[in-house]
Every structure is written in C-alpha cells, then in structure tokens.
Amino acid sequence: MSPIPDDLAHAQDEWHATYRHLAAGPRTALRRRLISLSSQVLFHPYWQGRPSAGWAALHGARHARTTP
C-alpha cells in the first residue's frame with residue numbers, strides 16, 4: 001500500500017484532537033465535528049480498492065488476496 005496521503009493524515013490528527021476535546025467537555029459542535037471527520041477518514045479514496053493484507057488478517061482468511 002502507498003503512504004498515507006497528507007489530507008488523510010491531517011483528518012486523522014484532527015479526529016484525535018477533537019476526540020480529546022470532546023472527552024474533556026462534551027459539546028454538540030464537537031460531536032458533529034467528530035462525525036464529519038469520521039466520514040472523511042472512513043470514506044477517503046485511499047481506502048478504496050482491494051483490501052490490504054492487514055485488513056484481511058483482521059477480517060478472516062476468506063478475504064485474503066491471492067497472488068497470480
């Protein structure tokens with residue numbers, strides 16, 4: 001897999017910072033921001049395509065890549 005793109009790494013960093021702020025003092029705006037960042041990270045084009053070997057290991061051998 002290629003290196004993580006800068007925009008994805010930035011979104012993940014923001015997600016962690018927002019989560020820490022939310023844990024310190026729950027606010028509706030922080031919850032909304034966390035949901036938005038979660039969707040940015042989860043649906044980023046970097047994750048599209050065939051599953052990685054790590055993903056297959058987490059989800060079972062039936063998803064493993066086969067090499068030609």
Side-chain angles (χ1 to χ4, degrees):
M1 225 172 189
S2 60
I4 293 178
D6 290 338
D7 62 330
L8 176 56
H10 181 69
Q12 288 176 318
D13 290 342
E14 281 189 58
W15 187 95
H16 287 287
T18 303
Y19 189 85
R20 283 191 301 274
H21 286 103
L22 183 60
R27 299 276 190 252
T28 301
L30 290 174
R31 286 193 297 271
R32 288 181 180 153
R33 180 70 179 141
L34 193 62
I35 291 168
S36 173
L37 289 167
S38 294
S39 67
Q40 287 178 30
V41 171
L42 182 62
F43 297 110
H44 192 278
Y46 176 77
W47 305 120
Q48 292 178 354
R50 295 176 60 182
S52 69
W55 184 91
L58 286 173
H59 295 281
R62 64 189 164 94
H63 297 293
R65 285 186 184 180
T66 56
T67 54

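Of all heavy-atom pairs spanning L34 and Y19, the tightest one is CD2-CD1, 3.8 Å. Looking at every heavy atom in both residues, P3 comes nearest to Y46 through O-CE1, 3.6 Å. Between A9 and I4, the closest heavy-atom pair is N-CG2, 3.8 Å.
Cluster partners of F43, using a side-chain heavy-atom cutoff of under 4.5 Å among ILVMFWY residues and allowing indirect links, are L42.
With sequence neighbours left out, R31 forms a side chain to side chain contact (heavy atoms under 4.5 Å, CB included) with L22, P26, T28. Listed by chain and residue number, H44 satisfy the side chain to side chain donor-acceptor pair (under 3.5 Å) test with D7 (two or more places apart in sequence, or in another chain). In this view, H21 satisfies the side chain to side chain donor-acceptor pair (under 3.5 Å) rule with no residue, not counting sequence neighbours. Under the side chain to side chain contact (heavy atoms under 4.5 Å, CB included) criterion, S36 pairs with R33, Q40, not counting sequence neighbours. In this structure S38 satisfies the side chain to side chain donor-acceptor pair (under 3.5 Å) test together with W15, sequence neighbours excluded.
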Test Q12 against H16 for side chain to side chain donor-acceptor pair (under 3.5 Å), laying out the working first. CA-CA 6 Å; Q12 288 176 318; H16 287 287; over 6 Å; no
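Counting only residues at least two apart or on different chains, no salt bridge (Lys or Arg N to Asp or Glu O under 4.0 Å) pair has a member in residues 35-47.
Distance check: L30 CG to I35 CD1 gives 11.0 Å after rounding to the nearest 0.5 Å.
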